[in-house]
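These notes concern the structure reproduced below.
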Amino acid sequence: MRREPSILHVDLDAMFAAVEQRDKVSLRGRPVIVGGVAGRGVVATASYEARAFGARSAMPTAEARRRCPPGTTFLAPRFGAYRRTSEVFMALLAEVSPVVEQVSIDEAYLDLAAGDHDLSAAGVTAVARRLKAAVAEATGGITGSVGAASSKLLAKIGSDLRKPDGLLVVAAGEERTVLHPLPVSRLPGVGPTTEERLRRAQVHTVGQLAAVPLPDLIEWFGQAHGAGLYRLARADDDRAVVTEREAKSVSAEETFDVDVADRGRLTRELDLLAARVGGRLRTAGISGRTVTVKIRHHDFTTITRSLTRDQPTDDPRLLAELARRLLADVDTSAGIRLLGVGMTTLTDFAQDDLFSSSSPAAPDVDAVVAEAAEVAPEPVEPVSAQWRPGQDVRHDDHGPGWVWGSGLGRVTVRFEGPATPPGPVRTFAVDDAKLHPAEPPDWTVPA
DNA sequence: TCTGGGGTCCTAGGACCC
DNA sequence: TCTGGGGTCCTAGGACCC
């Protein structure tokens, strides 16, 4: 924790609704809901006028319609407009400090210690006031709330406590005075589940949380979350303001208006989702190794199925093929409400390079596949095959597949057959671009 | 008309390796 | 042929955030 309140948290107030009210005079001063307006939509942002009637973010739009009076305006989001406003906002922040951490489209941390600023409480207050005025001016009247403190935790809580259009500077040394009276739900990381578990232990405020022994918290919440709560309750937070973070996953999903059971339709949706993910991977210049399919059933139970390749890809067609295979193992006959495709284990080089001319000569993959199918004790159909050069293949290699010989690389073949459970991977070692069969394959897949 | 879409981080078990 | 511990990777699920 620092000795000065040099971390700022800035958050635009009900940004989506505020942009709509800015752009349409007739909406000003009136309840506005922005979010999904179709059957299964939820509220993204409720204007403060709508919040007065109980509308909240993440609430089903249907529920918000019930709560809000006639005359409430329900709008689908205009992300382009929000993005433009966000860019103006972020540009202003960059003028205040070179170290800006954008958290979302409407929220950021600033490290004032990285700029040339008076870091006294009075000095930081002056900076924050000027910033708020500049934001309102540059965005056409969108207001923001600012918290300043010696840590991210208190800066964030400070802006929360004073919104909308507020400012709170927490002087160094005052952190726990501000923090301890608050309900535990104000802490980042305390959602409904954690709040309920704490309530059962008669822990309601952050001050009460600070009195719980560390071993208890770890027992209740696990090592990471438990230790995290222990520290946050003490205002012990030294997280740095970081400007860049690498993406860890890219995904796309869709909730259908009505549950979908039709396999043809699902396959087409899957292809579209894969195309979106692949397109975004390519735009970002990254590839991934792990493909995940997400399915939400009619009762909201959600499952994922994933597979990890040895080589990364950003190819939408391959992505779609792998996703189809994963979906094939899921029973969707009762209809599903959501379908999603994701890519993780991301790397920032293109997979094509791995197969370039510097690699050993590729074997005749078709011949390898044919030979493997030949020795199978039952009719099988190769689904895919991949040549992977430079793999260190050894005789004692074992695992879900098997390997023959040793050599320059492997050909991995995926088969499907009547007696073979779908998807087993068979690996063939290749020496001098030739298959080296050593012993008959065992087609039994371990239970 | 119950519950979006994009993410992050964590846990736990099993396989595998040394 | 009996026993083992640590580390990594993979898979699946869950809590949480904006």
Side-chain angles (χ1 to χ4, degrees), chain A residues 9 11-12 14-16 33-45 56-67 74 76-77 79 82 86 102-108 152 156 159-160 185-197 218 220-229 232 239 242 245-259 273 276-277 280 289-310 326 329-330 337-346 392 394 396-401 425 446-447:
Chain A
H9 179 260
D11 196 344
L12 298 181
M15 185 213 194
F16 294 2
I33 302 282
V34 180
V37 292
R40 287 171 165 171
V42 300
V43 175
T45 306
R56 294 284 180 277
S57 292
M59 171 183 285
T61 302
E63 174 71 17
R65 284 190 201 278
R66 254 175 258 129
R67 291 177 179 241
F74 292 81
F79 286 106
Y82 312 147
S86 177
Q102 182 171 352
V103 178
S104 68
I105 194 166
D106 64 352
E107 192 185 332
K152 280 182 164 182
K156 165 89 170 155
S159 66
D160 277 353
S185 56
R186 287 280 189 168
L187 291 176
V190 176
T193 307
T194 301
E195 186 182 10
E196 172 58 21
R197 180 65 188 84
I218 290 175
W220 298 343
F221 301 111
Q223 177 62 48
H225 194 203
L229 290 174
L232 290 185
R239 290 173 295 163
V242 292
R245 246 180 300 189
E246 286 192 356
K248 299 258 191 322
S249 68
V250 174
S251 66
E253 63 186 51
E254 185 180 2
T255 295
F256 306 118
D257 288 340
V258 177
D259 293 354
L273 293 166
R276 269 155 61 188
V277 172
R280 280 159 51 195
R289 291 196 301 122
T290 305
V291 181
T292 302
V293 166
K294 177 175 171 181
I295 293 103
R296 180 118 75 209
H297 295 293
H298 63 280
D299 64 354
F300 221 75
T301 56
T302 305
I303 65 168
T304 60
R305 292 293 178 265
S306 66
L307 68 85
T308 300
R309 287 161 36 89
D310 284 347
L326 289 166
D329 291 341
V330 179
R337 62 179 288 138
L338 174 146
L339 188 60
V341 173
M343 184 72 98
T344 53
T345 332
L346 303 179
D392 179 22
R394 299 186 312 264
D396 61 353
D397 198 357
H398 51 83
V425 174

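Order of the sequence lines fixes the chain letters, A, B, ..., with proteins taken first and strands second; residue numbering starts at 1 for each chain.
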Under a 4.0 Å threshold between the charged nitrogen and the carboxylate oxygen, would A/R56 count as salt-bridged to A/E63? no
Short N-O contact, A/D259 and A/R40, less than 4.0 angstrom: yes
Could you tell me the separation between the [atom1] atom of [X] and the [atom2] atom of [N], rounded to a whole number of Å?
| X | N | atom1 | atom2 | result |
| --- | --- | --- | --- | --- |
| A/M59 | B/dG4 | CE | C1' | 15 Å |
| A/E246 | B/dG6 | CD | P | 21 Å |
| A/I33 | B/dT3 | CD1 | C1' | 16 Å |
| A/F300 | B/dT1 | CZ | C1' | 14 Å |
| A/R245 | C/dC18 | CZ | C1' | 12 Å |
| A/K156 | C/dC18 | NZ | C1' | 8 Å |
| A/L229 | B/dC10 | CG | C1' | 13 Å |
| A/K294 | B/dG5 | NZ | C1' | 8 Å |

Taking for each residue the nucleotide of DNA chain B with the nearest heavy atom, is it A/F221 or A/D299 whose nucleotide lies nearer the 5' end?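 Comparing both residues, the 5'-ward one is A/D299.
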Go nucleotide by nucleotide along DNA chain B from the 5' end; which of A/K248 and A/A44 gets its closest nucleotide reached first? A/A44
With respect to the side chain of [X], which nucleotide from [options] is positioned closest?
| X | options | result |
| --- | --- | --- |
| A/T290 | C/dT11, B/dT3, C/dC18 | C/dT11 |
| A/A62 | B/dT1, C/dT11, B/dC10 | B/dT1 |
| A/Q223 | B/dT11, B/dG4, C/dC18 | B/dT11 |
| A/R40 | C/dC10, B/dG4, B/dT11 | B/dG4 |
| A/R280 | C/dC10, B/dG4, B/dG7 | B/dG7 |
| A/I303 | B/dT3, C/dG13, C/dA12 | C/dG13 |
| A/E107 | C/dG13, C/dC18, C/dA15 | C/dC18 |

Have a look at [X] and say if it touches a base, only the backbone sugar-phosphate, or nothing, with a 4.0 Å heavy-atom cut-off.
| X | answer |
| --- | --- |
| A/R337 | base |
| A/T292 | nothing |
| A/L338 | sugar-phosphate |
| A/G191 | sugar-phosphate |
| A/L273 | nothing |

Does [X] have a side-chain nitrogen or oxygen under 4.0 Å from the phosphate oxygens OP1 or OP2 of [N]?
| X | N | result |
| --- | --- | --- |
| A/T308 | C/dT11 | yes |
| A/R66 | B/dT1 | no |
| A/R276 | B/dG6 | yes |
| A/S306 | C/dA12 | yes |

If you draw a 6.0 Å radius around CD in A/E246, do more than 12 non-hydrogen atoms from other residues or ligands fall strictly inside? no
For DNA chain B, determine which residues of residues 249-258 of chain A have any heavy atom closer than 4.0 angstrom to one of its atoms, and list them numerically.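 Per residue number, the list reads A/S249, A/V250, A/S251, A/A252, A/E253, A/E254, A/T255.
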Beyond-backbone contact of [X] with [Y], side-chain heavy atoms, under 4.5 angstrom:
| X | Y | answer |
| --- | --- | --- |
| A/I295 | A/L339 | yes |
| A/H9 | A/K152 | no |
| A/L346 | A/V250 | yes |

What interatomic distance, in whole Å, is found between C1' of B/dC16 and the corresponding atom of C/dG4?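 Per the computed distance, 15 Å lies between those C1' atoms.
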Tell me whether A/R65 forms a cation-pi arrangement with A/F74, defined as NZ or CZ under 6.0 Å from the six-membered ring centre and within 45 degrees of its axis. yes
Does either side chain, that of A/S249 or that of A/T344, offer a donor lying less than 3.5 Å from an acceptor on the other one? no
Tell me which nucleotide, if any, is Watson-Crick or G-U wobble paired with C/dG7 when both distances must be under 3.5 Å.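 Check on C/dG7: paired to B/dC16, both distances under 3.5 Å.
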So A/Y82 and A/F16, would you call those rings parallel, tilted or perpendicular, with 30° and 60° as cut-offs? parallel
